[in-house]
Q: 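Questions regarding the structure given below will be posed in turn.
Every number for a ligand or one of its atoms is a count from 1 in the order of the listing.
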Amino acid sequence: MTEARRLLTRLRSMLAHGNATLSELVHLVGTEFAADACSVYAMRPGDILELVATEGLLPSAIGRTRLRVGEGITGLCAATGKVFNLPDARAHPDFVFRAETGEAGYASLLAVPVRRAGHTLGIITMQAREQHRYTEEEIDVLETVALLLAEILAGAGATGGAEEGLASSLPRAFAAKIIAPGIAIGPVVLRGGPVAPRRFLADDPEGEILRLQDALERMQRGLRELLDEHNPLREAEEGPDLSASREVLEAYRLIATDAGWLRRVTAVIHSGLSAEAAVQRVVGEFRDRMRRIPDPYLRERLADLEDLGGHLLSALAGDPAKADVEPGSILLARRLGPAELLGWHARGVGGVVIEEGSPAGHAAILARALGMPALSGARGAVDAATEAEFAILDADEGQLLIRPDAEVRESYLRAIETRSEQRAGWVSLRDRPAATADGTQLGLMLNVGLALELDQLDTVAADGIGLFRTEIAMLARGTVTDMHEQAAVYARVLDAAGDRPVLFRTLDLGGDKVLPGVEIEGENPALGWRSIRVGLDRPSLMRRQLRALLLAASGRELSVMFPMIATTSELRAARNLLLSEARRVRPAPSRLRIGTMLEVPALMWQLDELLPLVDFVSVGSNDLMQFLFAADRSAPGLSGRYDLLSPPVFNLLEYLLRKASEANVPVSFCGDAASRPLEAIALAGIGFRTLSMPSGGLMPVKAALADLDLAAFRPVLRVLRQNASGVASLRKPITTWAREHGVPV
Ligand code: PEP
Ligand code: MG
């Protein structure tokens, strides 16, 4: 029997009696290692490490010796999560000497973090008087002990009170980016948070390896089924589905069968751990390694492996991953695919935080489509939270609160109540046409990207679809779909809209909307080869889409607009492609309307030439703002720095509206800003009559407009603009006016 097995066997029999204490554990481990000292430090609230058990240091130091995380070698071990193996700790620049421990004569030090589910619960150290480096095997054994210790420390009723306060009980707040607005309050569900093994030690390694193989097979079968669900024939029948792309699943499956990490799991099982404890340990090792890898591609692969580990632990535990979650739970995930998000939504999750998600990511797009409050960023939230504890996800303000105080909780509950009262008020508003208090009618339309969102047309009684982002369904699928698949989607959109207009936008790929395998050029993708530039350089791709749109219209009215147009010649080229396709497709649309997005400022100086070529213009302020102010729309640090409600933007929009009106070309506004009541009334104030927005904004905008006396507001806005010299934004005075006049902004 190896030394590791012997130590684990002794530990098991000690634990089997159920009354093991930390002092017995350090005694046993110290003796087995023939160390001069073996000690355990436990993490206390406030990131303090406290000596809680020792064999070899002075017992009077227990409870007295306390180190901040980052202080001394022990603190450094906790801060970095790394093992420290020092022949002479005293020579290390971070060494701190604590006289009360009586450690004056000790030279060598081995410090191993005690971690569980990404949290550092404490540190176990080994010390000796003589200078020497610990062997790989010794480190391995101490890491296994640390794994057990983590369970002892975290488990209820163990170890003379050392576990008290280990999991931090302090409230934590995380600032995050808003993916989809709203508030969710409920218990935390951790995705990727390992399922805690029920058993840690096992004396039958062969039996454990069989269990591991069985679980692996079941997991792979699950993956195969997912892949089969992705059979393109089925997709063609069912329209676009939202599962993760086939390529991603294939990559996942390859990692699942990777021999390297499985070999490591098997070796750990042979050292005496159960299959689940071995998987947990190896995944933990990979997780730590992953955090230190700078290469994003490798980080992704290791991240996939971490996810797989979670699936494997679930399979070993009898698949609790399929268990129900409490309705309204808040899902915290490091990463999340669109298929998974759908699955969690179906199981009742009410809000989601994706640490490494971007608002343009697939899961983010879906969260918005589902109306599920969602945040991204909030780095460290998964590690800071424990399954089932209480959290507040505030995707209106962009923050996540874990373990909030009772008062905070109360005020959020009150805010939610007020909001639902407000919503009740919207019911009567729903079926009235959108209009200002003094009777100016507006068209409020939806920005849509997924068939799934079409329901919203009726839910909020929208006047049509002012922007259908055709690339979104493809991004969710992970591939450019063929013409018939596209036509099926577009036909469904037209069916759902009925008599209401739909403005289809041709593929706007590139920038932050990238398909797997599509190369991005240059360092600044937003200004790169994207959108209409791709369409014009790959006319077959563009023609395929235009034909799909014409086929879908099948004799009905069809409106098509082109994104990112920068020159009139681009518009002319795109328009010619559409007209030439339209000559071929039968039945021809009853009416074909051709439009352009206005996103590139250069178009403003080509209006005389441009307007005669189009039937409508739609202002895409998301891009227009980034190009106008040279401010990356996806840089969180810049959001809010340049304001739509600023003199230059008002001037630009007013000029556009005037020129378009002279040319008799309708202009709508489809940037996300239209979904905010304050921006919406300002846009109405300078003359917009059609706004298109994500569905969540439509009722609040309608409510604000309904209370707006437009005739009174227009001169106010004019005066504010006239007196705006040196003012970067008119947000404040417009807000003040709106509040004073009872407009809910
Ligand atoms: C915009 O740029 O404002 C717009 C509506 O398009 P997207 O957000 O899809 O780039
Ligand atoms: Mg755009």
Q: Could you pull out all donor-acceptor pairs under 3.5 Å where a side-chain atom in residues 652-663 meets a protein atom, sequence neighbours excluded?
A:
from	atom 1	to	atom 2	distance (Å)
Glu654	OE1	Arg721	NH2	3.1
Glu654	OE2	Arg721	NH1	3.1
Lys659	NZ	Asp608	OD1	2.9

Q: Give me the number of protein N, O or S atoms whose distance to the Mg ion (ligand 2) is under 2.8 Å.
A: 2
Q: Do other residues, nucleotides or ligands put more than 12 heavy atoms under 6.0 Å from Glu397 CD?
A: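 Atom CD in Glu397 is not packed in, count stays at 12 or less.
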Q: Is the shortest side-chain heavy-atom distance between Cys670 and Ser618 below 4.5 Å?
A: yes
Q: Using the salt bridge (Lys or Arg N to Asp or Glu O under 4.0 Å) criterion, which residues pair with Arg419? Sequence neighbours excluded.
A: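 Arg419 satisfies salt bridge (Lys or Arg N to Asp or Glu O under 4.0 Å) with Asp396 once adjacent residues are dropped.
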Q: Once you round to the nearest 0.5 Å, how far does CD1 of Ile465 lie from CG of Asn447?
A: 9.5 Å
Q: Apply the test side chain to side chain contact (heavy atoms under 4.5 Å, CB included) to residues Leu613 and Arg572: give CA-CA distance (whole Å), side-chain angles for both, the deciding distance (0.1 Å), then the verdict.
A: CA-CA 7 Å; Leu613 295 172; Arg572 203 172 269 126; 3.9 Å; yes
Q: Might you list the protein residues in contact with ligand 1, defined as having a heavy atom under 4.0 Å from one of its atoms, sorted by chain and number?
A: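 For ligand 1, the contacting residues are Leu467, Arg469, Arg505, Asp508, Lys513, Met597, Glu599, Gly620, Ser621, Asn622, Asp623, Arg633, Cys670, Gly671.
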Q: About how many Å separate NE2 of His345 and CE of Met372, when rounded to the nearest 0.5 Å?
A: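 Met372 atom CE to His345 atom NE2 measures 5.0 Å (nearest 0.5 Å).
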Q: Could you give the distance from CE (Met604) to CG (Leu628), rounded to the nearest 0.5 Å?
A: 9.0 Å
Q: Does atom CZ of Arg538 have more than 12 heavy-atom neighbours, drawn from other residues, nucleotides or ligands, at distances under 6.0 Å?
A: no
